[in-house]
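Below: one structure, written as structure tokens.
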Amino acid sequence: MNNTLFSFLVFPGFLFIAVIGLLFMGIDRKLSARFQWRMGPPLWQPFVDFMKLLSKEVVLPKNVNKPMFFLSPLMGLSGVIVASLLLFRAPLNPQGAFIGDLVVFIYLLLLIPLSVILGASSSGNPLSSVGGSREIKMVLSYELPFILAIFTAVLKVGSLRMGDFLLYQSQRGALFLTSPSCVFAFVAAFLVIHAKLALAPFDIPEAETEIMGGTLIEYSGPLLALFYLVRAILYFTLTAFLVFIFWGGITFTGWGAVLSLLKILLVLFLVIVVKNINPRIRIDQAVRFFWTRVFVLSIIGMGLAIIGW
Amino acid sequence: MARKTVIPIGPFHPLQEEPEHFTLTVEGERVVDVDMELGYNHRGIEKLAEAKSWQQITFLVARICGICSTSHPIAYCNAVEDLCKVEIPERAKYIRTIVGELERIHSHLLWLGLAGHFLGYNTVWMWAWKWREPVLDIFEALTGNRNHYDMLLPGGVRRDIDEKNIPWIKKEMDEIKKKLDMITKAVLDDPVILSRLKGVGVLPPEEAKNYGAVGPTVRASGVKIDVRKDDPYAAYDKVDWDVITCENGDLLDKVVVRILETFESIKIMEKCLDALKEVKGEIITPIREFPPGEGIGHHEAPRGETFHYVKSDGGAGPIRHKVRAPTYVNLPTCKVTAPGCQIADAVIILAAIDPCYCCTERVGIVRDKKKEWLTQQDLVKLSWEKTERLRSKYAR
């Protein structure tokens, strides 16, 4: 079932990642609510929200650039789906993918902020253009530490193919448990995926109380639902990616599947904890944070990896 | 030079759920100017008051604002008692103080939560509001209502505080003190919060005085103004307490001032509750005569000085009633504090004065769908014209 339509559309393709992603979003909402001493919505609330948004009409703003406005959520969705496919098909057939799919994965992840920026700037709203410019600054600040952190792991494994990470870690144990360099890289990558998910303290481009949801302010109906789905899938893909690269990889068979799910949930839990114990920071503070502290962290990881730790 | 963009905050901005309109002129992320506009929700309270009796107005002014719903009645009753030269019973004074301070505690907790929300720190928001809940329960037990307590009447208070309520109120206050201690440590030791608040939105003391700002806004800048101390009323001169001030006038100090004030309020409350055991007697002096004349009254509301003025011709109600809420004078200080900061900071700076728009609303004139801006000169000119009109009408 490796290359059939089923594997692209259902498992581990679109349907699988979408359902788990929305479920992860539900976990986030429920757990955040419990942190804040609220009851919170039921776990399936994101599904309901998504279905409801699909049935709503699209309200077009006056000064909108229509093609851009319609295409950018599709671009984000296709980016995240293809990236997720690359990631989740690797455990099925570790040697099956082409060499360098890790690089493609990182590139495809960039499509998502790009789509958000395009969508924001095409809507013609001053608040969303502020959000868009903030998103650009965020991308510029977190992308380099992210690539450095990933390439620390690449140095250890010696391959750019994601499947090789699985083989390497199944033979010598999880990367961030066995090598000090990858501990640094893991922390840096964790902070970056937090920013990629746009959660507090890095929810700066959206900043509900400052610029009213910034980048997504003019989106409504099915188009908003698509962005919502992109965000939901990111919850799953990014946390799984972190486990995949640094923590023994993921599998879909036997007890390994349960174990990898537990690891992913633990990373998700950490993300939710960080989200709930921090206020939003300013954009200049975020840029400084990523360019000094996280960058230094990933450079240290890289240096340690080069000297062989 | 970067292009200037105008960012509207309001009238439907989700930040402050009341109708107000700030216009931020920004260059990139930097705010260069701020303008504000009120008058979306004018309710004509002062005009309504002229058609009501002296007692009824107490309940009308309580409904000016849901949060300061005892500050306005206290100020109004002070004004009426000033008009009638009535001394209220001792016990009523203490009860007024207790209600007033309880309101400060709940209002400051509410603001603390909102400040957390504006910073994107929703955990603080929810927790602060959860801790505010016991205060509302106390209100319900003492006055019958969670909000709009309606405890006051000119001449005293309407309900007595039962002796058996005092122990559990004190217990709840101790709980709140513990929680406040915890949140103070958690919030003020957090480097991320400090980086957002310290040195941002500084209001220098001289500017604070120039703008005539009041309440915690100005006390954070180190100006020691507090009506409760400067012109004592109710039981504020009978218990021992301090006016809290800070020095820097930045956002952090505005938080600190409010948290410390909450502790101070709990202190005042506990002393008043103790005093209630000794001070017995009537709780209201019925006022039968409302002589012609003027009366002024003020109260240190959680946000600053609330001022009421009444003018009587000896009838059943005032012929003029004037309300000035603290936000009205605090709001323009944003002109000093907001420019130069970032959009992200502007939001919390605007919120740091703890604005309350329903207290503040004034008439805005809209003619032919165009907003007319009246400057001071215009108003003076209008008034001269009116005088001239009257003179030409009655001169002969």
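The figures here come from the full heavy-atom set of this structure, side chains too, leaving out hydrogens, waters and symmetry mates. In what follows, chains carry the letters A, B, and so on, assigned in the order in which the sequence lines appear, proteins first and then strands, with residues in each chain numbered from 1. As the structure is a prediction and not an experimental result, all values here were calculated from the model.
Crowding of B:Lys198 atom NZ: a count of heavy atoms from other residues, nucleotides or ligands under 6.0 Å not exceeding 12. In the displayed structure, B:Trp168 atom CH2 is contacted under 6.0 Å by more than 12 heavy atoms of other residues, nucleotides or ligands. Residue-environment remark: OH (A:Tyr219) exceeds the threshold of 12 foreign heavy atoms within 6.0 Å.
A:Ile283 contributes atom CD1, which lies 8.5 Å from atom CD of B:Gln342 (distance to the nearest 0.5 angstrom).
Between chain A and the residues B:Val6, B:Asp345, B:Asp190, B:Ile193, the largest count of heavy-atom pairs under 4.5 Å involves B:Asp345.
Between the side chain of A:Arg282 and the main chain of B:Arg196, no donor-acceptor pair closer than 3.5 Å is present. Of the possible polar contacts, one joining the B:Tyr121 side chain to the A:Ile277 backbone as a donor-acceptor pair under 3.5 Å is found. With hydrogens and angles ignored, the 3.5 Å screen pairs a side-chain donor or acceptor of B:Trp127 with a backbone N or O of A:Phe35.
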side-chain contact (heavy atoms from CB on, under 4.5 Å) between A:Arg38 and B:Asn122, worked out: CA-CA 11 Å; A:Arg38 292 187 280 124; B:Asn122 287 347; over 6 Å; no
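If you measure heavy-atom distances from A:Asp203 to chain B, you find no contacts under 4.5 Å at all.
For the side chain to side chain contact (heavy atoms under 4.5 Å, CB included) with A:Pro279, the lone residue among B:Leu197, B:Val192, B:Ile348 that qualifies is B:Val192.
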